[in-house]
Amino acid sequence: MSRKSKAQKELELRIGYSFGNPALLDRALTHISALAGAKNRAGSYQRLEFLGDHVLGLVISDMLFRAFPDAEEGELSRRLADLVRRTVILADICEALIGAVFIDGGYASSAGLVERFWQERMLKPTQPLRDAKTMLQEWAQARGMPAPLYRELERSGPDHDPEFRVAVEIADCRPAEGVGRSKRAAEQAAAAAMLMREGVEAERAEG
């Protein structure tokens, strides 16, 4: 096992987690441009970023589910999109770090890391929640795209408690899907999913 550098130890103090395998921390901080040759790309943060992105979404979804027991799917989806909006490279490295902690210490350790840095913001939003469908329509219009199209894919469950699955489609974008107890809630969830995937809120915050 390699010894930890001073920089590694300082970072561990800041995030409140000590790596058993320091090589994972190195990989989480290594951009692909620092590696030579296609065969070495697996040594960059990209694979860890892929994992960390999903761990982050799962942990925050769980936090929101517990913190807002009366919130409907649409509100939870909007809160999720607001909490994980991206600032490209920094966000990628942050997610890679979460992925590295997940591999090194398991779900509980990665969840603890996310909670330390997202809990306060989750409970005290820095800006009012915005309607996901409205935001997506404004984003599309600003780029000269046609308005988003919503398509019901499936309706399941009994009439008194149905569940809808809806897809939203915009030209030049992959469709995104959402699920809700009403068609409107499913549309909001689909819009929020596309907003999060396309980094729309990050662009607005930076612009």
Side-chain angles (χ1 to χ4, degrees), residues 15-17 51-87 91 94-95 97-99 101-102 106-140 147-170 173-205:
I15 67 174
Y17 179 79
L51 176 62
D53 175 55
H54 289 77
V55 173
L56 176 63
L58 173 60
V59 174
I60 291 184
S61 296
D62 180 41
M63 291 167 62
L64 290 169
F65 186 84
R66 289 184 282 111
F68 302 97
D70 297 324
E72 295 184 352
E73 295 95 333
E75 179 185 344
L76 292 174
S77 295
R78 293 196 299 276
R79 289 184 179 275
L80 176 63
D82 182 65
L83 285 167
V84 300
R85 65 177 184 265
R86 301 164 64 87
T87 305
C94 179
E95 290 170 352
L97 194 57
I98 293 169
V101 171
F102 177 81
Y107 177 82
S109 295
S110 58
L113 173 64
V114 172
E115 289 177 2
R116 281 193 292 277
F117 288 94
W118 270 269
Q119 180 81 8
E120 182 177 355
R121 185 177 165 206
M122 179 188 72
L123 297 177
K124 297 180 180 179
T126 56
Q127 59 183 2
L129 295 174
R130 290 174 288 176
D131 180 84
K133 288 182 65 176
T134 300
M135 287 180 59
L136 187 59
Q137 182 168 340
E138 291 174 351
W139 179 76
L149 295 177
Y150 294 88
R151 181 164 53 91
E152 182 179 323
L153 300 177
E154 182 182 16
R155 174 175 175 164
S156 58
D159 290 340
H160 69 277
D161 188 24
E163 181 176 87
F164 296 84
R165 185 164 64 93
V166 169
V168 59
E169 301 173 352
I170 299 180
C173 294
R174 288 187 293 112
E177 296 183 7
V179 176
R181 292 297 180 184
S182 68
K183 191 171 181 180
R184 182 179 182 279
E187 290 175 349
Q188 290 285 359
M194 183 169 283
L195 287 170
M196 182 169 60
R197 191 189 68 204
E198 298 297 326
V200 174
E201 290 203 6
E203 290 185 12
R204 285 177 173 267

State the [atom1]-[atom2] distance between [X] and [Y], to the nearest 0.5 angstrom.
X    : Y    : atom1 : atom2 : result
E198 : W139 : CD    : CH2   : 4.5 Å
I170 : L136 : CD1   : CG    : 3.5 Å
L58  : I98  : CG    : CD1   : 11.5 Å
L97  : L56  : CG    : CG    : 11.5 Å
L80  : M122 : CG    : CE    : 11.5 Å
S61  : R66  : OG    : CZ    : 11.0 Å

- Other residues, nucleotides, ligands: >12 heavy atoms within 6.0 Å of F68 CZ: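 Yes, the 6.0 Å shell around CZ holds more than 12 heavy atoms from other groups.
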- Query: Does atom CD of E72 have more than 12 heavy-atom neighbours, drawn from other residues, nucleotides or ligands, at distances under 6.0 Å?
  - Reply: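 Count not over threshold, so no.
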For [X] and [Y], work out which heavy atoms get closest and say how close.
X    : Y    : value
A71  : L76  : CB-CD2, 3.8 Å
A193 : E177 : CB-O, 3.8 Å
S110 : F102 : OG-CD1, 3.6 Å
V114 : M63  : CG1-SD, 4.1 Å

- Query: Hey, does the side chain of W118 reach the backbone of L83 with a donor-acceptor pair shorter than 3.5 angstrom?
  - Reply: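 The answer is yes, because a donor-acceptor pair under 3.5 Å joins these two groups.
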- Item | Expected output: side-chain Q188 to main-chain A132 donor-acceptor under 3.5 Å |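 Answer holds: yes.
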- Task: Please name all residues satisfying salt bridge (Lys or Arg N to Asp or Glu O under 4.0 Å) with R174, sequence neighbours left out, ordered by chain then number.
- Result: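 Once residues adjacent in sequence are excluded, R174 has no partner under the salt bridge (Lys or Arg N to Asp or Glu O under 4.0 Å) criterion.
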- Query: How would you list all residue pairs meeting side-chain hydrogen bond (donor to acceptor under 3.5 Å, both in side chains) that involve residues 148-157, not counting sequence neighbours?
  - Reply: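 The answer is R151-E169, E154-R165.
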